[in-house]
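Quick note on labels: first sequence line is chain A, next is B, and so on, each numbered from 1. All figures in this text were calculated on a predicted structure; none of them were measured in a lab.
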There are 2 protein chains.
Amino acid sequence: MKYSKQREIILRALEMNVIHPTADELYKLIIKDFPSIGLATVYRNLNLLAEKGIIKKIYGLDDAAHFDHNTHNHHHFICTKCNKIYDVPYDIASDIADNVWKKTGFSIEKTELSFHGICKNCQTKN
Amino acid sequence: MKYSKQREIILRALEMNVIHPTADELYKLIIKDFPSIGLATVYRNLNLLAEKGIIKKIYGLDDAAHFDHNTHNHHHFICTKCNKIYDVPYDIASDIADNVWKKTGFSIEKTELSFHGICKNCQTKN
DNA sequence: TCCTAAACTGATAATGGTTATCATTATTAA
DNA sequence: TTAATAATGATAACCATTATCAGTTTAGGA
């Protein structure tokens, strides 16, 4: 894995954004400061960084994959009104993978847990 | 919602298959006995049946959405070796949605929980 | 039974997110 | 400095899914 300016910019941009962006969203943010970057480069590097465990790829929130610079164990909540994505602390269900192993004998490599609903902010708005 | 032969066939085909098929997989099974059915009809009806709560749509297992005739509360495990999808009993984490509500105040409409790893069968093969 | 409105169908075009391809450029270690 | 190789940007291709639409089927009166 060689250094590249583009990869650094992508990683920095992700770190600066708490919004758990999709590849395309991040691309649109980056081209404001770095118009020459290509969309494929953004996809490529986000996947590469996720493979290396430097960032995290989140599935199942909506049609597109989202990315998260926070690699610590945690889950996600997406509000069906405002579409904002929130972090959900890991300890709401810290032993699920272990429970599955005990019950099924399957070895768990990855646990994908996400919630859909209405966030507190949107609840009070109505 | 009017009766249609196609919808009945689709539902029956899903009920007869424990494999949690994608729309396309189910389509390929159905055309063996009912070659005139259209792919769009399969997609349409699976989505409709899922909306009505008659079947369940599963996200986040892989790129495609899978469907399940079992509407009871449960989760899923996909084996990264054989790609088989297994049911995971609900009680490994029955209070997670409630926990999230207590911690965050977000109202939870849907909880998506899936596991990736190696199933027992594939473990013993090595 | 016949009629009509609404739902449904199959074929196919369009969409949207993502990956593959490829010629060119940048990085790195010797 | 050079040579190997990784990375880039543009764009074509891919794949799952949805939209469109003309023709067909269903269902509940008249």
Side-chain angles (χ1 to χ4, degrees), chain A residues 1-14 17 19-52 54-68 76 78 83 85 112 114, chain B residues 1-14 17 19-52 54-68 76 78 83 85 112 114:
Chain A
M1 195 168 165
K2 284 181 185 169
Y3 171 84
S4 91
K5 192 177 186 175
Q6 285 84 345
R7 183 151 52 233
E8 186 168 342
I9 286 169
I10 290 163
L11 185 54
R12 292 273 166 79
L14 185 63
N17 278 285
I19 59 163
H20 307 82
T22 65
D24 195 66
E25 283 168 352
L26 202 58
Y27 168 71
K28 288 194 171 96
L29 285 171
I30 291 171
I31 48 171
K32 288 178 189 170
D33 294 319
F34 192 169
S36 66
I37 204 167
L39 177 58
T41 303
V42 176
Y43 272 97
R44 237 184 334 241
N45 280 295
L46 287 172
N47 283 333
L48 191 62
L49 290 166
E51 250 173 55
K52 304 276 178 187
I54 298 163
I55 64 171
K56 219 172 169 179
K57 194 170 182 176
I58 320 167
Y59 300 89
L61 287 177
D62 51 33
D63 308 318
H66 292 249
F67 293 87
D68 194 343
H76 294 98
I78 185 167
N83 290 313
I85 296 166
E112 201 80 49
S114 59
Chain B
M1 193 168 168
K2 283 182 185 169
Y3 171 85
S4 92
K5 192 178 187 176
Q6 287 84 343
R7 182 150 54 232
E8 187 168 344
I9 286 168
I10 290 164
L11 186 53
R12 292 272 166 81
L14 185 63
N17 279 284
I19 60 163
H20 307 82
T22 63
D24 194 66
E25 284 168 352
L26 201 58
Y27 168 72
K28 288 194 170 95
L29 286 171
I30 291 170
I31 48 172
K32 288 177 189 170
D33 295 319
F34 191 169
S36 66
I37 204 166
L39 177 59
T41 303
V42 176
Y43 271 97
R44 238 186 330 242
N45 279 296
L46 286 172
N47 283 332
L48 191 61
L49 290 166
E51 249 173 56
K52 303 277 178 190
I54 298 163
I55 64 172
K56 218 172 168 179
K57 193 170 183 177
I58 320 167
Y59 300 90
L61 287 177
D62 52 31
D63 308 318
H66 291 249
F67 293 88
D68 194 345
H76 294 97
I78 184 167
N83 289 314
I85 296 165
E112 201 79 49
S114 59

Interatomic distance, CZ@Arg7(A) vs CD1@Ile10(A), rounded to 0.5 Å, equals 8.0 Å
Rounded to the nearest 0.5 Å, the CG atom of Asn45(A) sits from the CZ atom of Phe67(A) at a distance of 10.5 Å
Next on the checklist: Under 4.0 Å, counting only non-hydrogen atoms across every strand here, what does Arg44(B) touch: a base, just sugar-phosphate, or nothing?
Outcome noted: base
Closest to the side chain of Asn45(B), out of dA16(D), dT21(C), dT9(C), is dT9(C)
Per side chain to side chain contact (heavy atoms under 4.5 Å, CB included), Lys57(B) is matched among Asn47(B), Asp68(B), Leu46(B) by Asn47(B)
Leu26(B) CG to dA16(D) P, in whole Å, measures 15 Å
Whole-Å distance, Ile37(A) CD1 to dT11(D) P, equals 16 Å
Heavy atoms only, 4.0 Å cut-off, all strands: where does Tyr3(B) land among base, sugar-phosphate and nothing? sugar-phosphate
Output for pair (Leu14(B) CG, Leu29(B) CG), nearest 0.5 Å, gives 10.0 Å
To the nearest 0.5 Å, atom CD1 of Ile85(B) lies from atom CG of Leu61(B) at 5.0 Å
Of the listed dG9(D), dT19(C), dA16(D), the closest approach to the Tyr43(A) side chain comes from dT19(C)
Output a table of nitrogen or oxygen pairs between the protein and nucleotides 28-30 of chain D separated by less than 3.5 Å.
none

| So, is Thr41(B) near the phosphate of dG10(C), with a side-chain N or O under 4.0 Å from OP1 or OP2? | yes
With five pairs defining each end axis, the helix from dT1(C)-dA30(D) to dA30(C)-dT1(D) comes out bent, to 10°, by 30°
d(Lys28(A) NZ, Leu39(A) CG) to nearest 0.5 Å is 8.0 Å
The residue, Ile10(B) or Met1(A), whose nearest nucleotide of DNA chain C is more 5′ is Ile10(B)
Taking dA7(C), dT8(D), dT5(D) as options, the one with an atom nearest any side-chain atom of Lys2(A) is dT5(D)
Here the distance between atom C1' of dT18(C) and atom NE2 of His66(A), to the nearest Å, is 14 Å
Correct closest heavy-atom pair for Ile9(B) and Phe34(B) would be CD1-CD1, 2.8 Å
Considering only heavy side-chain atoms of Ser36(A), the closest of dA7(D), dG9(D), dT17(D) is dG9(D)
Separation of dG9(D) atom P from Lys5(A) atom NZ, nearest Å, is 11 Å
Per nearest nucleotide of DNA chain C, the residue lying toward the 5' end, Gln6(B) or Ala40(B), is Gln6(B)
Exactly one candidate in Glu112(A), Lys56(A), His66(A), His20(A) meets side chain to side chain contact (heavy atoms under 4.5 Å, CB included) with His76(A); the answer is His20(A)
Ser4(A) has its side chain closest, among dT18(C), dT8(D), dG10(C), to dT8(D)
In whole angstroms, the gap separating C1' of dA7(D) from CD of Glu8(A) amounts to 15 Å
Do Ile30(B) and Arg12(B) come close enough that some side-chain heavy atom pair is under 4.5 Å?
no
Rounding to 0.5 Å, atoms CD1 (Ile78(A)) and CG (Asp62(A)) come to a distance of 5.0 Å
Phe67(B) CZ to dT17(D) P, in whole Å, measures 7 Å
Pick base, sugar-phosphate or nothing for Asn47(A), based on heavy-atom distances below 4.0 Å to the nucleic acid.
sugar-phosphate
Atom CG of Leu46(A) and atom C1' of dG17(C) are separated, to the nearest Å, by 13 Å
Here the distance between atom P of dT18(C) and atom CD of Glu25(A), to the nearest Å, is 10 Å
